[in-house]
Every structure is written in structure tokens, then in C-alpha cells.
Amino acid sequence: MKQDVTEIIDQALAVLGKKWDVDNLPQAEVEFPRDEAMGDFATTIAMRLTKILKKPPQKIAGDIVDEINNQHPDFFSKIEIAGPGFINFTFRKEYFQNCLKTILAEEHSTLNTDIGKGRKIQVEFVSANPTGPLHIGHGRGAAVGNALCNILKAAGFDVQKEFYINDAGLQVKLLGQSVHARYQQLLDNDVPFPEDGYKGDYIELIAKEINRQDGSKYLNQPFNECAAFFTSYSYKMMLTNLAKDLKDFGVIFDKWQSEKELHTKGKVQESLDTLRSKQLIYDEDGAMWFKASDFEDNKDRVVKKQDGEFTYFASDICYHKDKLDRGFDTIIDIWGADHHGYIPRIRSVLEAFDLPKDKFEVILIQMVSLLRNGEPVQMSKRSGAFVTLREVIDEVGADLTKFIFLTRKADSHLDFDLDIAKEQSSDNPVFYVQYAFARISSLFRQAVEKNVSGVTGENIQDADLSVLDEDEAVSVIKKLLQYPVVFEGAVQAFEPHRITYYLQELAGVFHAYYHKHRVVSDDNATTLARLSLCKGVKLVLEEGLKMLGVSAPERM
RNA sequence: GCGCCUGUAGCUCAGUGGAUUAGAGCGCCGGCCUCCGAAGCCGGGUGUCGGAGGUUCAAGUCCUCCCAGGCGCGCCA
């Protein structure tokens with residue numbers, strides 16, 4: 001639909017451009033008018049041309065309209081010039097009926113635009129430390145990342161979903177030490193618990209599991225003698241649980257990249273050597289530094305500490321270089337907003353390697369404040385007092401949780417009140433959308449049950465769509481035709497939440513149509529036409545929900 | 001102190017490269033099931049778009065300053 005208008009305007013401009021003796025006319029932008037009464041599409045091209053042509057916009061608009069009417073008489077039912085120089089287009093009803101026919105014939109293929117053209121794109125998200133269960137903030141990252149990958153894939157990108165495992169460094173060691181202490185305590189060896197150790201119940205569960213498997217094998221062994229075992233056993237068990245939680249949330253990664261592996265394969269050292277050869281690494285105060293301040297960062301950063309250990313940043317230097325070396329056209333990192341200060345650091349790294357930093361994108365996910373009855377729930381992994389993603393899913397459901405996360409843009413704060421989510425659960429936007437889908441499924445079951453001629457399963461034969469000329473029907477078709485436009489915008493802006501809003505609107509116009517017009521009736525021709533409309537709605541609802549990673553139930 | 005994000009209806013939030021009269025859901029009030037699913041529909045909105053300047057024919061949208069909230073500013077990750 002959008003394409004049709006754009007092409008027609010461009011054709012008119014091509015002719016007028018010669019008449020006006022101007023080349024390089026700007027591309028005509030089309031948009032949906034705010035008010036449906038103004039028309040189906042509008043363009044501001046006439047106003048944009050006033051500076052170039054030095055003529056009043058209404059005059060230019062008049063020329064454009066005349067040319068369009070000349071080239072395509074009777075294509076539109078109405079073209080109006082309004083306000084300061086808008087051109088408002090209104091299609092004929094037959095146009096919409098034909099568009100619906102196309103959607104039904106081509107199904108999902110007509111909904112997505114090939115924007116990616118096979119380009120490789122990688123999205124790294126969640127990447128939670130394997131030192132504790134996933135919390136609600138990880139859930140938000142998972143929902144957004146997953147939906148983003150879904151739309152990118154649908155838009156023709158070759159997408160890889162990656163989870164970066166922080167299995168090196170102090171935090172996992174601390175995890176191992178915490179488990180070690182609990183293990184000793186379990187066997188009545190009362191060793192002190194590490195000061196900043198992880199205190200959650202899961203620590204004890206891991207300790208018990210080790211005890212179950214190996215008995216008292218490590219009793220009275222100091223941590224530094226069995227650190228490797230406790231650390232590696234603990235984070236691996238955490239990772240297994242993490243992957244399971246994510247899977248139950250509907251998120252499956254293509255690749256799990258180990259930080260530790262970057263070290264053992266010597267890649268970290270290699271990256272630092274390269275930087276040193278460029279004189280971007282220096283030693284000072286017994287530590288090793290990267291000259292980040294030569295680039296976008298405001299100060300230099302330590303890559304190797306005085307104690308000889310690499311920092312997290314050292315592996316991140318290597319990791320981001322490695323990602324681009326793997327041949328991705330774009331790499332997207334999804335981070336918690338509290339890591340935003342890290343962006344200039346990574347951009348500096350890419351610059352230091354002469355890598356194109358515009359291939360690196362960061363999507364920041366703002367904090368989620370978990371509330372219960374309006375009261376904030378404290379979230380601290382180390383104290384062990386937090387609500388896990390698993391608990392939230394069990395309490396309010398995965399579909400609902402994902403949908404809520406996807407109803408606002410990533411970069412805005414979000415209050416997630418468990419009680420409100422549950423209270424509203426019968427009156428919730430996600431059910432509103434799913435209900436429309438289930439309702440249509442029910443209509444088809446109805447039609448089959450009543451042996452409506454021309455309907456088998458959900459296939460409809462030879463429907464004459466000209467009866468779909470009610471205002472509500474036209475509104476529904478128009479809304480269907482907006483999907484590709486919304487989709488394209490969501491892909492280009494990396495904003496899956498736009499789909500969420502769209503689906504609510506689509507469900508809304510459908511419910512309104514349903515109440516006004518009886519679908520399955522004694523009039524066979526009308527039944528077939530209306531079922532066709534429903535089928536179109538169902539296809540788009542299904543597609544949109546799939547993008548969000550939310551289920552589309554046939555019955556509720 | 002410096003940096004990033006946010007500030008739109010009572011509440012939670014949309015608002016796509018500036019543009020025709022600023023929207024939705026919830027809540028609240030009133031209607032609608034002898035009829036395909038009432039998890040639904042219909043009707044009811046007087047908003048300093050945080051504030052002040054600026055750019056523009058045109059600003060919720062762009063620029064500057066200020067105010068409020070959140071988050072960063074580690075040889076933690």
C-alpha cells in the first residue's frame with residue numbers, strides 16, 4: 001500500500017521535475033494521517049519543495065495532484081490538498097479488497113520486507129553472570145533481545161544470538177568459594193563464609209549436589225587447593241539452570257561464548273600484543289593500561305591488574321574484536337543501562353583496532369523496579385533476597401511477562417508490579433490480542449461445524465470480497481496493510497515494541513468489526529467474504545505474536 | 001562535580017526521518033449477552049507534552065540553559 005503511493009508520487013515527480021527543470025528532487029515521504037477522515041495516506045512533499053522551487057506549497061501540491069490524476073485517473077477515490085500543503089490520498093474500497101486478496105494468497109511473505117538481504121548480524125544479550133539465578137532485569141533483556149532477533153530474521157538478516165559467559169575472573173571464583181564454604185559447613189567443618197560471598201539458597205543446593213556425588217572428598221581441603229573444581233563445577237551448574245530458565249522463557253541461543261576460552265586460546269594476549277605494537281598499551285604502577293583516552297574514553301583503563309590477573313575489560317577488548325573478525329556486518333550488544341558508561345570504552349577499542357565502530361550498536365535496557373502492592377522488592381544477588389525470573393514466570397506467566405516487557409521501549413524505566421499484573425490478568429493487553437486470535441479460530445470451527453460450503457478447515461474458496469465494503473471492514477483491511485510499515489520501522493529502529501502496540505490496535509479494530517457484523521450466517525457469500533477478512537487478521541496476529549515470542553492460542 | 005537516560009491525561013505508557021485538530025490501556029461513570037467466545041463492544045477527556053529561551057512557514061519531536069527522578073563515573077563484572 002505504502003509502496004503503491006510512493007511509486008505513483010515518484011512517477012509524477014519525475015515528469016514534473018523535467019518541467020520545472022530541477023534534478024535531485026527529494027524522495028517523497030508518505031505517512032499515515034492522524035485522522036482517518038483525512039485519507040489513507042498523506043505526503044508533505046509539496047512543503048518540502050517550496051524552498052527549491054520558490055513557489056507556494058499549495059501551488060506545487062496542485063501541480064502534483066494534476067499530474068497524478070493525469071497519469072492514473074480513477075486510481076484513488078479522492079486526492080485532497082489540505083492545510084499548509086499536505087496531499088491526502090484516499091483509496092477506493094476495491095483497492096483494499098484486492099490487497100486483502102493478495103495477503104490471503106501470499107500469506108506471510110507479503111508481510112515482511114527484505115531489509116537485511118542476508119547480511120550477518122549478531123545480537124549478544126542476557127549474558128548474565130553465572131553466579132546466581134536470572135532476575136527480572138535479565139528477563140527484560142531476554143524478551144527484547146529475542147524479539148529483536150525475531151524481527152531481524154524475518155527482515156532477511158542472517159542472525160546469530162549469542163550469550164557471553166563470564167566464566168573467568170573474580171566473581172565466578174567467589175561463587176566457587178561460597179559453595180566451598182557451604183560444603184564444608186554441611187560436613188560440620190565450620191569455615192568462615194567469604195565476606196562478599198553469594199548467600200542465596202542455590203549455593204547450598206550446589207554444595208549438597210557435590211556432597212551427593214563426591215561425598216566428603218573435599219572435607220578439610222582449603223579452598224585454594226580445590227578452587228578450580230569448586231569454581232568450575234558451580235558455574236557450570238548455574239549455567240545449566242540459566243539455560244533452562246531461558247528456554248522456558250522461550251529464548252534459545254545459537255552460541256554460548258566462554259570468556260575463559262578467549263584466555264586459554266591465547267586470544268586475549270594476542271589482542272593486547274597487537275595494541276601494544278601500536279603503542280596503545282603501557283605499564284604503570286605495576287599494572288598494564290590501555291590508552292583509551294586517545295580515543296573516545298575520558299581516561300585510560302587497566303587491562304592487567306597489579307596481582308597479574310586480567311580485568312574483565314581485557315577479555316572484552318578481545319571479544320569485541322573477535323566478533324567483528326567473525327565477519328558480522330553489525331554487532332548489537334544489549335546491556336543493562338547501568339553499563340552505559342562502558343560504551344565509549346568499547347568504541348575506543350574498535351577504533352584502536354581500526355575497526356569500523358559504526359558496526360557496533362548498543363541497546364540499553366533500563367532497570368526494572370519490581371513491586372509488590374506498590375512496595376519495591378529489594379533486589380540484591382549477594383544478600384540472596386531477590387525475586388527470580390523463574391518465580392515471576394511461575395506467578396504471572398511467560399507470555400504476560402514478555403508482553404509487558406515489550407510494551408515500552410527498551411530505554412525507559414519500568415515498574416513491574418506483580419500484584420497489578422495478576423489483578424489485571426483477566427483484563428490484560430496480551431489477552432486482548434490473544435483473544436482476537438482465539439475468537440477467529442473459534443469462528444472457523446463454527447463454520448466447519450455448520451458445514452459452510454466453500455470452507456475446509458481454515459481454507460476459503462472463491463470468496464467475492466466486494467461485500468466487504470462496510471466502514472469497519474475497510475478499517476480492518478487498512479490496519480492489516482499497516483503491518484509491513486510498522487514492521488519495517490521496528491526493524492530499522494531496532495524497536496520490537498512497535499509491533500506490540502500495533503497488535504493491540506489490530507485486535508481493537510477486529511473486535512469492533514466482529515460486534516457489528518455477524519461473520520458466520522446463512523448467507524454463504526457474505527460468510528465466505530467475512531471469514532476471508534478474519535483469516536487475514538489471523539495471519540497478521542499470528543505473525544506479530546511470533547515476532548514477540550508470545551503464543552497464539554487457538555482456544556483460551 | 002562530570003556523563004548517559006527519563007519527565008506527555010488521575011495511574012502506566014505510545015507518539016515512526018519536525019507538519020493537518022496530541023493518542024492508547026488501566027481506573028472511574030453509564031449502556032450492551034433469547035444472537036458466531038462479555039478475556040468482548042458502544043458512549044463519556046478542559047493535558048501549562050517538567051520549565052524558560054532559540055532555530056523553522058511549522059516543534060511533544062531539533063539546539064541551549066535550568067528543575068526533578070534514575071543510573072554510571074573501580075586494578076568488580
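Basis for what follows: all heavy atoms, side chains included, without hydrogens, waters or symmetry-related copies. Chain letters run A, B, ... following the sequence lines, proteins first and then strands; every chain starts at 1.
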Any [X] side-chain nitrogen or oxygen under 4.0 Å from OP1 or OP2 of [N]:
X: A/Lys409; N: B/G15; value: yes
X: A/Lys299; N: B/G74; value: yes
X: A/Lys305; N: B/G74; value: no
X: A/Tyr342; N: B/C71; value: no
X: A/Arg530; N: B/C36; value: no
X: A/His511; N: B/C32; value: no
X: A/Thr50; N: B/A58; value: no
X: A/Gln446; N: B/G37; value: yes

[N] pairs with, by Watson-Crick or G-U criteria that keep both distances under 3.5 Å:
N: B/C4; result: B/G70
N: B/A9; result: none
N: B/C62; result: B/G54
N: B/G27; result: none
N: B/U16; result: none

Next item on the list: In plain terms, say whether A/Arg408 and A/Asp415 are close enough for a salt bridge, that is, a side-chain N and a carboxylate O under 4.0 Å apart.
Entry: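 Result for this pair is no, no salt bridge flagged.
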Next item on the list: Could you check whether the rings of A/Tyr513 and A/His517 sit parallel, tilted or perpendicular, using 30° and 60° as the cut-offs?
Entry: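 Because their plane-to-plane angle lies in the 30° to 60° range, the rings of A/Tyr513 and A/His517 count as tilted.
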Margin query: Tell me whether the rings of A/His339 and A/Tyr342 are parallel (<30°), tilted (30 to 60°) or perpendicular (>60°).
Written below: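 Rings of A/His339 and A/Tyr342: perpendicular, over 60°.
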Notebook entry, point to check: Does A/His339 make a side-chain donor-acceptor contact with the base of B/A77, cut-off 3.5 Å?
Noted result: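 Yes.
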Next item on the list: Classify the side chain of A/His340 and the base of B/C71 as holding, or not holding, a donor-acceptor pair under 3.5 Å.
Entry: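 Present.
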Notebook entry, point to check: Of all heavy-atom pairs between A/Ala292 and A/Arg301, which one has the smallest distance, and what is that distance?
Noted result: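 That closest heavy-atom pairing would be CB-CG, 4.2 Å.
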